[in-house]
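The block underneath contains the structure these notes are about, expressed in structure tokens.
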Amino acid sequence: FKDEKSSISLFQIGYEQYKSIELNQNKLQRYKYYSTSKFIHPAAKKDKATLDDFISTHGNYYVNKVSTGVFAVRQVKFDFGSEEAKVDVEAYVTGKIDLKALKIEFIALFEKADQATKDTMNISVKQGTIGGRPELLQVDFSSKDFDTIESQLLTSWNNFFLDSSKNRENASALSAELMLISSAVHVFYSRTQDETANLHRKYNEARKRINDLQAQMLGIDMALKRTKFMIEALGEGRPGNIRELL
């Protein structure tokens, strides 16, 4: 959830993956398939010169696999009209802040409020999608009818994914797997021994840098946990010098 000055937002996130399309290297090695392959950009198909120019501009990775489906994220924003009212609601909601708890407190506050306050209170919905029909996720609470918020949100969410499953022509690319180009996937591609050695050197340098960063992250995490443990060991309200703990 997201806590703002006079409002609290809850987020829904979901996705469905329908299929993955992977480049068939054995088929691509037959020259006739280069003209129809959707994985190879038209500007990289003609000859070695155009391929080299394409690589120098766009890099030497190609899309090896594409996963398609739908993704949705939705924000449900409870606006309490004032920061004071929002703080009061947070004080009543114990434990995890979820839709059911916010709905109960929001409706209780709304029913007790005067008309001027009611006019400032609202529940609004925003959504974003990859693929599918985003209009199915739209829910309008401008009528101030908040009793059915849970059922309306659940129904619209389910309708989006059910419709997307039935009408898969609305699916879109969710992720792509990139691989380094080689002569196995493009007949015009070639690399000298020096270029290959230089590439491996850069790869090893990058891998070493990643390993170093991961080790640093682990050290920072362990130091943070140790510090928190020591601070808690002092006891709440007891004096202590933080420098002594580090």
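Between K77 and I123, the closest side-chain pair of non-hydrogen atoms is not below 4.5 Å. A heavy-atom distance below 4.5 Å is found between the side chains of F110 and K118. Between L102 and F80, some side-chain heavy-atom pair lies under the 4.5 Å cut-off. Between E177 and M179, some side-chain heavy-atom pair lies under the 4.5 Å cut-off. Using a 4.5 Å heavy-atom threshold, the side chains of W157 and L137 count as touching. Within the 4.5 Å cutoff, no side-chain heavy atoms of Q75 are placed close to those of V125. When side chains are defined from C-beta on, M121 does not count as touching D79, because their heavy atoms never get closer than 4.5 Å. Here the side chains of S172 and I130 are in contact, with some heavy-atom distance below 4.5 Å.
Nearest heavy atoms, P134 versus G132: CD-O, 3.4 Å. Closest heavy-atom contact between V70 and A171: CG1-CA, 4.3 Å. Closest approach of A101 and D98 over heavy atoms only: N-OD1, 2.9 Å. When all heavy atoms of S82 and S6 are compared, the pair lying nearest together is C-CB, 3.6 Å. Scanning both residues, Q152 and V139, for their nearest heavy atoms gives OE1-CG1, 3.5 Å.
Under the 3.5 Å distance criterion, the side-chain polar atoms of S165 are left unmatched by any main-chain donor or acceptor of L162. Judged purely by atom type and a 3.5 angstrom limit, N167 has no side-chain atom pairing as donor or acceptor with the backbone of N170.
Hydrophobic clustering keeps I181 apart from F54 (ILVMFWY residues linked when any side-chain heavy atoms are closer than 4.5 Å, directly or through intermediates). F141 and L109 fall within the same hydrophobic cluster, where Ile, Leu, Val, Met, Phe, Trp and Tyr residues are linked whenever their side-chain heavy atoms come under 4.5 Å apart, directly or through other members. No continuous path of ILVMFWY side-chain contacts below 4.5 Å connects I104 to L154, so the two sit in separate hydrophobic clusters. Following chains of ILVMFWY side-chain contacts shorter than 4.5 Å, one can reach I107 starting from L10, so the two form part of one hydrophobic cluster. Both L153 and I8 are members of a single hydrophobic cluster when ILVMFWY side chains are connected at heavy-atom separations under 4.5 Å.
Other residues, nucleotides and ligands contribute more than 12 heavy atoms inside 6.0 Å of the CD atom of E135. Counted within 6.0 Å of NZ on K144, heavy atoms from surrounding residues, nucleotides or ligands total more than 12; the atom is thus considered enclosed.
In this structure, the separation between CZ on R133 and CG on N159 is 9.5 Å, given to the nearest 0.5 Å. Between the CD atom in Q12 and the CG atom in L99 there is a gap of 7.5 Å [rounded to 0.5 Å]. Separating the OG atom in S156 from the CD atom in Q138 is a distance of 10.0 Å, to the nearest 0.5 Å. Distance OG1/T117 to CD/Q115: 9.0 Å, rounded to 0.5 Å. Atom CG of D140 and atom OG of S142 lie 3.5 Å apart (nearest 0.5 Å).
Between the side chains of Q127 and R74, not a single donor N or O lies within less than 3.5 Å of an accepting N or O. Side-chain atoms of S20 and S67 include a donor-acceptor pair closer than 3.5 Å. Remark: the D47 side chain and the T50 side chain contain an N/O donor-acceptor pair separated by less than 3.5 Å. Side-chain N/O atoms of S143 and D145 include no donor and acceptor closer than 3.5 Å.
A perpendicular orientation is assigned to the rings of F78 and F106, their planes being inclined by more than 60° (bins at 30° and 60°).
Residue M217 belongs to no hydrophobic cluster, having no ILVMFWY side-chain heavy atom closer than 4.5 Å to its own.
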Worksheet entry | From CA spacing to verdict: side chain to side chain contact (heavy atoms under 4.5 Å, CB included), V66, T68 | CA-CA 6 Å; V66 174; T68 62; 4.1 Å; yes
Worksheet entry | Residues T155, N158; criterion side chain to side chain donor-acceptor pair (under 3.5 Å); working and verdict | CA-CA 5 Å; T155 299; N158 289 340; over 6 Å; no
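E150 and K103 are joined by a salt bridge, as a carboxylate oxygen and a charged side-chain nitrogen come within less than 4.0 angstrom of each other.
Tested against T129 for a side-chain contact (heavy atoms from CB on, under 4.5 Å), the candidates F160, F71, Y15 yield a single pass: F160.
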